[in-house]
Undergrad: 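Please see the structure below; I have some questions.
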There are 2 protein chains.
Amino acid sequence: MKKTIFIFGVLIIALLALFQLSQYSLISKNTSIEYIIGGIAIVFFFVGLYINKRKSSTNTITPSIEIDTKKIENLGLSKREYEVLCELAKGHSNKEIASLLFVSESTIKTHVSNVYTKLDVKRRTQAIQKAKELNILPNL
Amino acid sequence: MKKTIFIFGVLIIALLALFQLSQYSLISKNTSIEYIIGGIAIVFFFVGLYINKRKSSTNTITPSIEIDTKKIENLGLSKREYEVLCELAKGHSNKEIASLLFVSESTIKTHVSNVYTKLDVKRRTQAIQKAKELNILPNL
DNA sequence: ATAGTACTCATACGAAAGTACCAATTCGCT
DNA sequence: AGCGAATTGGTACTTTCGTATGAGTACTAT
């Protein structure tokens, strides 16, 4: 947000500077007006390109980085429950997750059940679905 | 491709027209030069926006449509098996899929087992994983 | 006509997954 | 010190999933 405001500020200043420049040039030498117009056209063309690229890139990159933490807290998922959810989404069985996290299968079952309750789902396949919808998962 | 060439042609013509317009205006009345520059700036700003939007939209939409059919055939998945796989990926249980496709749960189990064999996986969670990696699934 | 493929269904068994309790330990916070 | 949340683990039971095997039907291609 702050970045956007800063960029727009810079843009506005650049815009004003360009207008001033065009006026001065107009007074001094009348023949080069086409170049100035061309320059302005090119500058704004690239401004348009740049702004759109910024927008599209923030729309595509941010969901995998930013959205994570907030929603996890909102759902009340604890650290461990989230870890289990991640392994679960990778297609591992309870037993495999237990080995990976160095705990018993019972523990994983407990965590998994809690995850289901907090995500409001009944099966692990649905949990994966929901987690992907919420952009909670690291990969992708 | 043809569309792109057409659009660029139109743009170049519009550009030339704008330059001509600016020259005429320059000769007739010298005071309105700022408006012309402003107009050109705005036009090219939107041109930049438009071109980038075209590019980004074609880049993001195409991958979800094209990749499907080929890989499904390569894997040897039949129509029915693919349908089952899709419902499976939506988080449905075998019983639910059976209801949705108006067949018995036994049939679904058979299909599901065949899908596992063809995708070379052991569990339904892994099947979902693999299907997403292969861009076989409709949504997303 | 026959072989092959896809689709259907059943039975039976074993392996995961899921639910419902309960309980001990650890850790941060007041 | 004590409270609450998180983590861990267990038992017992039900449900779902997955595999194996066999078998009938229908459609296609040779």
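In this text, all values refer to a predicted model and were calculated from it rather than measured experimentally. Chain identifiers are assigned alphabetically (A, B, ...) following the order of the sequence lines, protein sequences preceding nucleic acid strands; residue numbering begins at 1 within each chain.
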Undergrad: Using five pairs at each end of the helix from C:dA1-D:dT30 to C:dT30-D:dA1 to define an axis, what is the angle between those two axes, to 10°?
TA: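 One end's axis against the other's: 50°.
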
Undergrad: Donor-acceptor pair, B:K118 side chain versus B:L75 backbone, under 3.5 Å?
TA: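 Absent.
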
Undergrad: Between P on D:dC17 and CD1 on B:I128, what's the gap in Å once rounded to a whole number?
TA: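 My rounded result for the distance is 11 Å.
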
Undergrad: How does each nucleotide of nucleotides 7-23 of chain C score, in 5' to 3' order, for protein heavy atoms under 4.0 Å: base (B), sugar-phosphate only (S), or none (-)?
TA: SBBBB----SBBB----

Undergrad: What pairs with B:E83 under salt bridge (charged side-chain N to carboxylate O under 4.0 Å, His left out), at least two apart in sequence or on another chain?
TA: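 For B:E83, the residues satisfying salt bridge (charged side-chain N to carboxylate O under 4.0 Å, His left out) (neighbours in sequence not counted) are B:R80.
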
Undergrad: Could I get the full list of side chain to side chain donor-acceptor pair (under 3.5 Å) partners for A:N114, not counting sequence neighbours?
TA: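 By the side chain to side chain donor-acceptor pair (under 3.5 Å) rule, A:N114 matches no residue at all.
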
Undergrad: Apply side chain to side chain donor-acceptor pair (under 3.5 Å) to A:K130 and list each qualifying residue two or more places apart in sequence or on a separate chain.
TA: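 By the side chain to side chain donor-acceptor pair (under 3.5 Å) rule, A:K130 matches no residue at all.
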
Undergrad: With sequence neighbours excluded, what pairs up with A:E105 under the salt bridge (charged side-chain N to carboxylate O under 4.0 Å, His left out) test?
TA: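 Applying salt bridge (charged side-chain N to carboxylate O under 4.0 Å, His left out) to A:E105 gives none.
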
Undergrad: Using the side chain to side chain contact (heavy atoms under 4.5 Å, CB included) rule, take B:R123 and B:Y116 through it: C-alpha gap first, then chi angles, then the decisive distance, then the call.
TA: CA-CA 7 Å; B:R123 281 179 284 283; B:Y116 292 165; 5.9 Å; no

Undergrad: Is a side-chain N or O of B:H92 found less than 3.5 angstrom from the main chain of B:E87, in a donor-acceptor match?
TA: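 Checking the backbone N and O of B:E87 against the side chain of B:H92, a donor-acceptor pair under 3.5 Å is found.
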
Undergrad: Will you find, in the side chains of B:S113 and B:T110, an N or O donor that is under 3.5 Å from an N or O acceptor?
TA: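 No, no side-chain donor-acceptor contact under 3.5 Å.
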
